[in-house]
Amino acid sequence: HSAGFQELLTSDYAKAQLDKQARRIAAAANAVPSTTTPAYDEPYYRVEDASNGQRARVQIKTTGPRSVRHEHLTQALLRSL
């Protein structure tokens, strides 16, 4: 049973489901208006695949120092969860 469970954790289906949820969360966080001047014209958050041989994973990351500041002020990503 352990091999079957491992296959499930690393399956394309699992990756697709995680990616779908992460993109929804990142989109909601990116919809929060810019807090920097001039307004930031790039997304504040991006989704990255972080899968390894044992588990399908995704990460939602800030895109740079302005995004970190935006998150500090708005908690947009935290509120999108």
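All figures in this text were calculated on a predicted structure; none of them were measured in a lab.
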Problem - Working for side-chain contact (heavy atoms from CB on, under 4.5 Å), residues S34 and H70 - result: CA-CA 7 Å; S34 179; H70 177 74; 5.5 Å; no
Practice task
Identify whether V47 and I25 are in the same connected component of the hydrophobic contact network (ILVMFWY, side-chain heavy atoms under 4.5 Å).
Solution key: yes
Completion exercise
Here the pair of heavy atoms bringing L78 nearest to E71 is N-OE2, 3.4 Å
Problem - Nearest-0.5 Å distance that lies between atom CG in L77 and atom NZ in K61 - result: 13.0 Å
Completion exercise
Output for pair (I60 CD1, L81 CG), nearest 0.5 Å, gives 7.0 Å
Exercise for the section: Name all pairs fulfilling the salt bridge (Lys or Arg N to Asp or Glu O under 4.0 Å) condition that reach into residues 18-43, sequence neighbours left out, sorted by first residue then second. Expected result: D19-R23
Completion exercise
Taken to the nearest 0.5 Å, the spacing of S51 OG from Q59 CD works out to 9.5 Å
Practice task
Locate the shortest heavy-atom distance separating T10 from K15; write the atom from each residue and the value.
Solution key: O-CE, 3.7 Å
Practice task
Might you confirm whether atom CZ of R66 has over 12 heavy atoms from other residues, nucleotides or ligands at distances under 6.0 Å?
Solution key: yes
Handout entry: By ring-ring contact (aromatic ring centres under 6.0 Å, His included) - contacts of Y40 (at least two apart)
Key = Y44
Problem - Heavy-atom closest pair, residues A29 and S80 - result: N-OG, 3.1 Å
Exercise for the section: State plainly whether the residues E48 and R46 are in salt-bridge range, i.e. N to O under 4.0 Å. Expected result: yes
Handout entry: Test item: N52 and R57 side chains (from C-beta on) under 4.5 Å apart, heavy atoms
Key = yes
Practice task
Decide yes or no on side-chain contact (heavy atoms from CB on, under 4.5 Å) for Y45 and T62, but give the supporting numbers first.
Solution key: CA-CA 5 Å; Y45 308 95; T62 56; 3.9 Å; yes
Fill in the blank from the handout: Correct closest heavy-atom pair for G53 and Q6 would be O-NE2, 3.5 Å
Problem - Nearest-0.5 Å distance that lies between atom CG in L18 and atom CZ in R55 - result: 9.5 Å
Practice task
Measure the spacing between OG1 of T35 and NE2 of H72 and express it to the nearest 0.5 Å.
Solution key: 10.0 Å
